[in-house]
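Since the model is a prediction, treat every value here as computed from it, not as a measurement. Starting from 1, each residue takes its place in the sequence as its number.
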Amino acid sequence: MAEALPLRSVGTFIELLIGAMLTPEGFVTEAYLVVTMRNHWSSYYKWLQKGRWSWLGLSRQFVRLILKVVKQEVIHLVIDDTLTLRASKKAPGSQIHHQHGNKPNLAQYVRGQCWVSLAWVIRREKRPVALPLLTRLVPGISNTGKRVAAKTLIRAVYRLLDGRKVRVLVDSWYMRRIFIESMLARGFDVIG
């Protein structure tokens with residue numbers, strides 16, 4: 001995966017990757033504390049926020065790695081959205097959302113950021129495992145932004161899957177004609 005990064009970023013990336021794998025949640029602060037890092041903790045945040053490297057390039061390199069290692073007849077991609085609660089109106093994409101989980105300790109409507117994620121599901125020892133590929137923040141404009149974000153995530157990796165049988169698994173929110181037609185145009189099956 002380091003091939004997708006500038007040479008001077010490789011060490012930082014490897015330290016963060018190993019630290020994130022060793023922590024339960026994978027946060028940068030936890031990764032920093034679990035591994036003896038070479039630099040001050042602020043260097044890692046700056047590298048993540050302002051570094052001159054590409055998330056898309058890294059994600060595409062991860063897809064290439066999966067294609068080499070995992071042999072599947074059918075590739076299953078999953079798209080789902082999640083809500084990160086926020087107190088501040090100033091957080092990017094922060095708006096009021098309906099809390100679909102019906103959690104008893106939360107109000108029916110909450111302030112938060114909506115994230116749409118793309119993952120590749122593989123079988124490991126007869127159990128499904130989701131390998132996260134990309135996540136995108138939905139702009140705080142409207143709910144149709146989730147479908148646009150989902151199509152953008154697929155567009156970022158679909159060329160690497162050319163000639164393979166691909167199924168895209170989504171929940172019912174995404175099952176709209178415009179989304180289904182865009183997946184079928186790429187030769188992907190859609191299951192909602």
Side-chain angles (χ1 to χ4, degrees), residues 1-72 74-84 86 91-94 113-124 128-139 145-146 148-164 166-169 182-183 186-188:
M1 287 180 53
E3 291 176 12
L5 298 170
L7 191 56
R8 64 185 285 191
S9 294
V10 172
T12 304
F13 169 72
I14 291 173
E15 287 176 337
L16 284 173
L17 181 64
I18 290 170
M21 290 187 318
L22 294 174
T23 63
E25 285 87 23
F27 294 118
V28 175
T29 306
E30 291 177 340
Y32 183 81
L33 293 173
V34 80
V35 175
T36 305
M37 301 287 198
R38 296 174 297 145
N39 301 318
H40 189 267
W41 68 270
S42 61
S43 300
Y44 299 95
Y45 279 102
K46 287 178 185 174
W47 180 78
L48 286 169
Q49 291 180 344
K50 299 177 183 175
R52 293 180 182 246
W53 55 279
S54 167
W55 282 104
L56 286 176
L58 190 61
S59 179
R60 288 177 182 136
Q61 189 67 18
F62 186 47
V63 170
R64 287 183 196 101
L65 176 65
I66 297 170
L67 286 168
K68 285 181 183 177
V69 175
V70 177
K71 304 299 179 197
Q72 290 179 300
V74 180
I75 295 170
H76 291 95
L77 298 178
V78 177
I79 294 176
D80 201 7
D81 55 279
T82 188
L83 191 62
T84 304
R86 294 287 181 240
S94 178
Q113 295 170 310
C114 183
W115 296 87
V116 177
S117 297
L118 173 66
W120 184 327
V121 177
I122 64 168
R123 286 221 172 266
R124 185 168 180 257
V129 176
L131 302 172
L133 301 178
L134 283 169
T135 298
R136 183 177 173 102
L137 178 62
V138 177
K146 289 197 283 190
V148 171
K151 289 187 338 185
T152 302
L153 294 173
I154 291 287
R155 189 173 59 240
V157 298
Y158 86 93
R159 286 193 178 114
L160 299 171
L161 307 174
D162 193 32
R164 293 177 169 83
V166 178
R167 286 190 191 126
V168 181
L169 310 169
S182 70
M183 295 302 109
R186 290 182 166 82
F188 295 175

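I75 contributes atom CD1, which lies 5.5 Å from atom CZ of R164 (distance to the nearest 0.5 angstrom). Here the CD1-OG distance, from I14 to S9, works out to 11.0 Å after rounding to the nearest 0.5 Å. For the atom pair K151 NZ and S182 OG, the distance stands at 5.0 Å (nearest 0.5 Å). Rounding to the nearest 0.5 Å gives a distance of 8.0 Å between OH of Y32 and OG of S42. The structure places CD of Q72 at 9.5 Å from CG of L67, a figure rounded to the nearest 0.5 Å. Between K46 atom NZ and W41 atom CH2 the span is 9.0 Å, to the nearest 0.5 Å.
A distance-only check finds a donor-acceptor pair linking the side chain of Y44 to the backbone of N39 [under 3.5 Å]. With hydrogens and angles ignored, the 3.5 Å screen pairs no side-chain donor or acceptor of T23 with any backbone N or O of A31. With hydrogens and angles ignored, the 3.5 Å screen pairs a side-chain donor or acceptor of Q113 with a backbone N or O of P92.
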| request: List the steps and the verdict of side chain to side chain contact (heavy atoms under 4.5 Å, CB included) for D80 and L169. | output: CA-CA 9 Å; D80 201 7; L169 310 169; over 6 Å; no
| request: Before giving the answer on side chain to side chain contact (heavy atoms under 4.5 Å, CB included), spell out for T12 and W53 the whole-Å C-alpha distance, their side-chain angles and the decisive distance to 0.1 Å. | output: CA-CA 12 Å; T12 304; W53 55 279; over 6 Å; no
| side chain to side chain contact (heavy atoms under 4.5 Å, CB included) assessment of I79 paired with L153 | CA-CA 9 Å; I79 294 176; L153 294 173; 5.5 Å; no
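Taking both residues in full, the closest heavy atoms of A156 and R60 are given as O-NE, 2.7 Å, listed atom of the first, atom of the second, then distance.
Side-chain contact check for L56 versus L134: some heavy-atom pair is nearer than 4.5 Å. Counting heavy atoms from C-beta on, the side chains of R64 and K68 never come closer than 4.5 Å.
No side-chain donor from either of E15 and W47 sits under 3.5 Å from a side-chain acceptor of the other.
For CZ of R159, the number of neighbouring non-hydrogen atoms (other residues, nucleotides, ligands) closer than 6.0 Å is 12 at most. Remark: K50 NZ is loosely packed, at most 12 non-hydrogen atoms of other residues, nucleotides or ligands lying under 6.0 Å away.
Annotation: side-chain hydrogen bond (donor to acceptor under 3.5 Å, both in side chains) contacts of S54 (sequence neighbours excluded): none. Applying the side-chain hydrogen bond (donor to acceptor under 3.5 Å, both in side chains) test to R186 and every residue at least two apart in sequence or in another chain returns nothing.
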